[in-house]
Amino acid sequence: MRQEASIAHVDLDAMFAAVEQRDKVSLRGRPVIVGGVAGRGVVSTASYEARAYGARSAMPTAEARRRCPSGTAFLSPRFAAYRKTSQVVMALLAEVSPLVEQVSIDEAYFDLAAAGRHDLSPDGLTALATRIKADIAAATGGVTASIGVGTSKLIAKIGSDLNKPDGLTVVAPGQEQELLYPLPVTRLPGVGPATAERLRRAGVHTIGGLAQVARADLLDWFGQAHGTGLYKLARADDDRTIVGEREAKSVSAEETFDVDLTDKTRLNTEIDLLATRVGGRLRTGGLSARTVTIKVRFYDFTTITRSITRAQPTDDPRLIAQLARRLLADVDTSAGIRLLGVGTTTLADFVQDDLFGTVDAVEATSRPDGAGQVEVTEHPAIATPVAGPPAWRPGQDVRHDEHGPGWVWGSGRGRVTVRFEGPTTSPGPVRTFPVDDPALHLTDPPDWTAPASQVVRPATDQALH
DNA sequence: TCTGGGGTCCTAGGACCC
DNA sequence: TCTGGGGTCCTAGGACCC
């Protein structure tokens with residue numbers, strides 16, 4: 001928490017709907033819903049006209065249709081248009097402060113002390129924020145913003161929310177608790193339905209009430225991190241800094257189907273599409289990932305995840321798809337799947353995948369971005385090529401004379417780790433061999449040039465007997 | 001016609017290593 | 001030989017945010 005109110009938070013008002021109303025005159029003054037328009041869609045943004053009828057973000061679109069009158073526009077999102085508008089606003093903020101933290105497409109914190117030239121008195125801040133709001137509306141063609149200014153991120157964020165839309169709240173130093181205490185606990189960031197319910201059972205409804213709860217109780221109810229966080233936030237004790245650039249920690253794609261799916265072949269095709277999207281975005285970002293996760297939401301909304309972590313990162317959609325398919329193979333889909341997702345984590349900003357073996361080294365050299373080449377010079381210990389057959393590539397099908405059929409889990413430093421096929425309900429054992437183990441053979445190498453959906457895998461039946 | 005899609009962070013248990 | 005603690009990695013799930 002700072003001595004002076006120099007942290008600001010901007011939030012564009014009902015941004016998606018506002019952009020649609022800006023771009024189409026006939027939508028102005030009318031209720032507008034932007035979101036999933038199909039059967040299982042939900043509302044991303046409801047214009048203020050639509051909110052008057054009870055439409056809200058995250059509400060099923062079907063519910064919003066029931067509430068809103070005829071004449072309400074239901075629109076699919078146009079992310080390119082929103083991104084462009086967002087960039088205009090962020091560029092404008094960058095002129096105000098050298099330190100801007102974009103939190104989402106329509107939200108940012110910015111540091112008014114870092115610029116060193118702003119009048120940080122309450123009157124000065126009000127004048128400055130008023131000017132920024134006017135500049136945003138002018139630059140975006142009428143999309144309005146709400147701004148909060150205070151001594152911390154918490155106060156700035158709560159302030160921007162206080163007088164929406166087109167709002168402005170400047171909280172002078174010393175007024176923080178006065179502002180917070182009457183508000184419901186749900187206004188605190190980090191207090192969602194589960195936390196609110198636990199607090200309600202303890203008779204705590206307001207932030208002032210929360211500030212009366214003993215620290216030990218909060219730790220007991222919510223654990224170390226969350227408990228400490230609540231204890232401090234309730235007292236307006238917030239030291240979170242403004243972070244300019246953040247690195248992505250995961251890249252994922254998922255899809256909810258119009259009707260539940262049971263067919264593994266169809267689901268595998270969906271995995272290929274999702275993996276293609278994920279791999280493409282990894283490559284665009286110059287990233288690669290070691291962990292592949294699938295997410296499966298069943299007909300009854302219960303959700304599971306399954307993941308595997310490889311020794312080397314990859315950005316290859318075919319490999320991501322192959323690993324994801326193997327994870328899905330052990331999931332019973334017969335009752336119906338409503339959502340399927342493919343995600344990647346443990347991100348690296350390079351690709352090691354292509355560094356083991358001759359064939360792969362050639363492929364790495366031929367990559368237009370030369371990612372594999374850089375790695376050889378920067379990580380010699382890891383990048384030392386392994387002698388032996390070139391195809392100990394993760395996902396590659398193999399057979400061991402003693403253990404039967406399996407597939408390559410990872411390789412490096414003269415060893416190859418093989419996962420052997422197990423019964424469909426549990427993964428098989430993993431064993432590591434020297435790369436030159438004569439008992440280990442390649443089998444039916446997958447065709448890496450074919451779309452993953454057409455890669456033929458050997459039957460696994462023998463492994464079960 | 002209940003409940004999207006893209007993320008972040010935390011917890012907890014087991015394996016493994018020192 | 002037995003006991004134990006700490007640290008890290010991996011996996012799975014859950015809460016939360018926009």
Side-chain angles (χ1 to χ4, degrees), chain A residues 9-16 33-46 56-67 74 76-77 79 82-83 86 102-108 153 157 160-161 185-199 219 221-230 233 240 243 246-260 274 277-278 281 285 290-311 327 330-331 338-347 409-410 427 430:
Chain A
H9 180 260
V10 217
D11 195 325
L12 301 176
D13 303 314
M15 185 215 194
F16 293 4
I33 301 284
V34 181
V37 176
R40 287 171 164 173
V42 300
V43 175
S44 290
T45 307
R56 294 282 181 275
S57 291
M59 171 183 283
T61 303
E63 172 74 16
R65 283 189 201 279
R66 259 178 253 124
R67 291 178 181 243
F74 289 86
S76 291
F79 285 104
Y82 312 148
R83 224 171 284 129
S86 176
Q102 185 169 0
V103 190
S104 71
I105 196 165
D106 66 349
E107 247 185 74
K153 278 185 162 181
K157 166 93 175 163
S160 72
D161 203 43
V185 286
T186 48
R187 297 289 279 273
L188 287 178
V191 177
T195 302
E197 172 57 21
R198 182 65 188 86
L199 290 173
L219 291 176
W221 299 339
F222 301 112
Q224 180 65 44
H226 197 202
T228 306
L230 290 175
L233 287 187
R240 291 174 296 163
V243 183
R246 271 193 265 186
E247 287 187 3
K249 297 218 159 69
S250 67
V251 174
S252 66
E254 63 186 52
E255 182 163 5
T256 295
F257 310 115
D258 288 338
V259 293
D260 295 352
L274 294 167
R277 276 156 63 188
V278 169
R281 278 162 48 203
R290 288 177 49 224
T291 304
V292 172
T293 303
I294 62 163
K295 174 174 166 182
V296 180
R297 177 118 73 208
F298 297 99
Y299 70 100
D300 63 354
F301 222 74
T302 57
T303 306
I304 62 163
T305 61
R306 293 292 180 265
S307 66
I308 41 175
T309 299
R310 304 187 327 125
L327 291 168
D330 287 340
V331 177
R338 66 176 286 141
L339 172 146
L340 192 58
V342 173
T344 53
T345 50
T346 345
L347 302 185
W409 188 261
V430 174

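Being a predicted model, the structure only gives us computed values, none of them experimental. Computation of the quantities below employed the complete heavy-atom set of this structure, encompassing side-chain atoms and omitting hydrogens, waters and symmetry-equivalent molecules. Every chain is numbered from 1 and lettered A, B, ... according to where its sequence line falls, protein lines coming before strand lines.
Computed from coordinates, the A/Arg40 CZ to B/dG5 C1' distance equals 15 Å when rounded to whole Å. Rounded to whole Å, the distance from CZ on A/Arg297 to C1' on B/dC2 is 12 Å. Atom CG of A/Leu340 and atom C1' of B/dG4 are 15 Å apart (whole Å). In this structure, A/Asp300 places its CG atom 14 Å from C1' of B/dC2, rounding to the nearest Å. Between the OH atom of A/Tyr299 and the P atom of B/dC2 there is a distance of 15 Å, given to the nearest Å.
Using bins of under 30°, 30° to 60° and over 60° for the plane-to-plane angle, the ring pair A/Phe16/A/Tyr82 lands in the parallel bin.
The side chain of A/Arg281 contributes an N or O atom lying less than 4.0 Å from OP1 or OP2 of B/dG7. Here A/Arg338 reaches the OP1 or OP2 of B/dG4: one of its side-chain N or O atoms lies under 4.0 Å away. Within the structure, every side-chain polar atom (N or O) of A/Arg66 is placed at least 4.0 Å from both OP1 and OP2 of B/dC2. Phosphate proximity of B/dG5 to A/Thr256: present, with a side-chain N or O under 4.0 Å from OP1 or OP2.
Scanning all heavy atoms of the two residues, the minimum distance from A/Ala253 to A/Val278 falls at N-CG2, 3.6 Å.
Residue contacts for A/Gly192: at a heavy-atom cut-off of 4.0 Å it reaches the sugar-phosphate backbone alone, with no base atom in range. Residue contacts for A/Arg198: at a heavy-atom cut-off of 4.0 Å it reaches no nucleic acid atom on any strand shown.
For A/Phe222, the ring-ring contact (aromatic ring centres under 6.0 Å, His included) partners are A/His226, not counting sequence neighbours.
Comparing A/Val37 and A/Ala58 by the nucleotide of DNA chain B whose heavy atom lies nearest to each, the residue mapping closer to the 5' end is A/Val37. Comparing A/Ala196 and A/Thr291 along DNA chain C, the residue whose closest nucleotide (by nearest heavy atom) sits nearer the 5' end is A/Thr291.
You'll find that the side chain of A/Glu255 is closest to B/dG5, out of B/dG7, B/dG5, B/dT3.
Remark: A/Arg338 is not positioned above the aromatic ring of A/Phe257, lacking an NZ or CZ atom under 6.0 angstrom from the ring centre and at most 45 degrees off the axis.
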Check your understanding: What is the per-nucleotide protein-contact pattern of nucleotides 8-18 of chain B, from the 5' end, where B denotes a base atom under 4.0 Å from a protein heavy atom, S denotes such proximity for sugar-phosphate atoms only, and - denotes neither?
Key -> SSSS-------

